Q: 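Structure below; questions to follow.
Each chain gets a letter, A, B and so on, in the order its sequence line appears, and its residues count up from 1. From a predicted model like this one, the values you see are computed outputs, not experimental measurements.
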2 protein chains.
Amino acid sequence: MGISERKDRGKLELKTQILNAARKLFLEQGFDKTSMRNIADLIEYSPGTIYHHFADKNAIFYALHSEGFRELGRRMIVLSAVGDPLERLKAMGKIYIHYALENSDMYDLMFIKEEPVDSVDDDKPWEEGNDVFGGLRMTVQECIDKGYFEGHQVEPLSYMVWSAVHGMVSLHIRKRCDVIDHAACTDIVGESYESFIKLLDKS
Amino acid sequence: MGISERKDRGKLELKTQILNAARKLFLEQGFDKTSMRNIADLIEYSPGTIYHHFADKNAIFYALHSEGFRELGRRMIVLSAVGDPLERLKAMGKIYIHYALENSDMYDLMFIKEEPVDSVDDDKPWEEGNDVFGGLRMTVQECIDKGYFEGHQVEPLSYMVWSAVHGMVSLHIRKRCDVIDHAACTDIVGESYESFIKLLDKS
DNA sequence: TTGGATTATTGAACACTGTTCAATTAAATT
DNA sequence: AATTTAATTGAACAGTGTTCAATAATCCAA
């Protein structure tokens with residue numbers, strides 16, 4: 001079956017070619033302004049060819065979106081070095097925020113954009129998100145076990161922490177934070193997260 | 001000038017006709033799936049006519065988005081009855097969340113969707129948002145004045161509070177909260193907000 | 001090596017999109 | 001009634017995602 005191996009390799013190469021072109025164009029000009037023809041032009045194939053490797057435009061960007069989660073997960077690995085769960089939780093938020101602000105287009109795809117309905121099964125909903133949130137939930141649970149956050153439940157508390165950091169970065173990415181007084185506050189996301197940490201420390 | 005009055009009235013009527021049709025279609029099928037021709041068909045005018053009342057598609061939905069802010073502001077009026085600023089702050093969040101979940105498409109337009117770059121002047125950035133955030137900032141300032149939130153600054157703290165509620169509702173609207181264990185938590189946004197309030201109360 | 005079956009690739013075509021603009025119709029003014 | 005002004009049209013433009021019959025390239029057995 002040496003032949004079909006080469007076949008698979010060739011196919012995979014084109015698939016990654018498409019993905020590379022899509023990523024390049026997407027990071028340069030955003031999702032909406034990246035057309036299938038743009039991608040096809042860049043890899044010098046006809047538009048129709050792409051559809052033999054991806055069901056539709058969403059499928060391409062769903063693949064990229066998965067890449068983003070792998071990278072985010074990779075950045076979270078260093079957290080295993082942090083013993084105290086509350087400190088780990090705080091560091092987690094910092095990593096999350098850094099990733100989001102450094103890769104805002106990717107973050108957009110991962111957490112802000114409308115999910116393509118077709119690409120998500122009802123049975124296995126959003127596996128990538130589950131991995132990230134699972135890590136958060138575990139850390140929050142450890143905090144509770146150690147006596148932090150008295151009177152809180154793990155599920156709502158985890159969601160709240162996630163919401164706080166997601167809110168900060170997504171309002172920033174979507175430029176809704178122009179309402180902030182820049183004289184009084186240069187790095188609104190950073191300082192806002194410090195404010196949040198102060199709340200956590202008092203609990 | 002009785003004639004030009006009638007003229008203005010007629011023009012305004014068509015303008016609101018367009019707005020009504022746009023709102024109806026938008027709430028039924030969303031922004032992207034609502035086309036200019038759809039709107040034109042509904043009011044039985046040609047597509048070109050719309051462009052004599054609105055610069056482009058964004059202008060129409062920017063007008064709707066302004067409506068949304070007026071409604072949200074209207075709902076905030078009852079807060080003047082709440083004397084204690086911390087209680088007022090908490091009630092503010094509740095109203096915000098309720099509005100967002102009841103009018104999720106509108107909220108999408110107001111806080112999640114990419115702002116059309118052209119519709120925002122650099123000098124007067126996002127007036128509507130300023131009004132809402134101004135109310136939040138004032139209440140937070142009052143809290144600080146009364147001795148709550150020791151060691152916090154008004155600007156980052158306000159942004160943090162806003163981020164928390166925005167995060168909760170926007171993750172919910174964009175269906176990113178499927179990662180939550182529904183057995184342990186039926187109303188994730190509500191319970192998560194309760195968790196947040198507990199943090200505020202301890203500060 | 002040749003012929004037949006597979007597979008990959010093409011590019012035209014379809015039904016849409018937002019937007020523009022010369023031509024037409026309607027209304028108001030002189 | 002004639003003329004000016006404003007409102008309205010619908011075809012046209014350049015683009016979109018997607019499909020599909022036709023073509024080109026490849027592989028495998030005889």
Q: Who are the side chain to side chain donor-acceptor pair (under 3.5 Å) partners of Asp187(A), not counting sequence neighbours?
A: none
Q: For Lys94(B), enumerate each residue passing the salt bridge (Lys or Arg N to Asp or Glu O under 4.0 Å) test, keeping only those at least two apart in sequence or located in another chain.
A: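 If we apply the salt bridge (Lys or Arg N to Asp or Glu O under 4.0 Å) test to Lys94(B), skipping adjacent residues, the hits are Glu194(B).
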Q: Calculate the interatomic distance between Leu14(A) atom CG and dA25(D) atom P; express it in whole Å.
A: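 Atom CG in Leu14(A) sits about 16 Å away from atom P in dA25(D).
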Q: Contact between Asn103(A) and Glu71(A) at the side-chain level, heavy atoms closer than 4.5 Å - yes or no?
A: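 Counting from C-beta outward, Asn103(A) and Glu71(A) never come under 4.5 Å.
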Q: Does Lys90(B) have any side chain to side chain donor-acceptor pair (under 3.5 Å) partners at least two apart in sequence or in another chain, and if so, which?
A: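 With neighbours one apart ignored, the set is Glu87(B), Asp201(B).
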Q: Given atom CD1 of Ile18(B) and atom C1' of dT8(D), what is their separation to the nearest angstrom?
A: 12 Å
Q: Check the distance between dG15(D)'s C1' and Asp56(B)'s CG and give it to me in whole angstrom.
A: 16 Å
Q: Could you work out, with salt bridge (Lys or Arg N to Asp or Glu O under 4.0 Å) as the rule, every residue matching Glu44(B), not counting sequence neighbours?
A: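 Partners of Glu44(B) by the salt bridge (Lys or Arg N to Asp or Glu O under 4.0 Å) criterion come out as none, since no residue qualifies.
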Q: Quickly work out the Tyr51(A) OH to dC20(D) P distance and round it to whole Å.
A: 12 Å
Q: Sequence neighbours left out, what passes side-chain contact (heavy atoms from CB on, under 4.5 Å) with Ile173(B)? Give chain and number order.
A: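 Ile173(B) satisfies side-chain contact (heavy atoms from CB on, under 4.5 Å) with Ser104(B), Tyr107(B), Ile112(B) once adjacent residues are dropped.
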Q: Measure from NZ on Lys15(B) to P on dA7(D) and round the result to the nearest Å.
A: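 Rounded to whole Å, this separation is 12 Å.
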Q: In whole angstrom, give the distance that lies between atom NE2 of His52(B) and atom P of dA22(C).
A: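 Going from NE2 in His52(B) over to P in dA22(C) covers 12 Å.
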Q: For DNA chain D, find the residues of residues 25-50 of chain B with a heavy-atom distance under 4.0 Å and give them by number; none if there aren't any.
A: Arg37(B), Tyr45(B), Ser46(B), Gly48(B), Thr49(B)
Q: Check every atom of dG17(D), dG18(C), dT9(D) against the side chain of Lys57(A) and return the nucleotide holding the closest atom.
A: dG17(D)
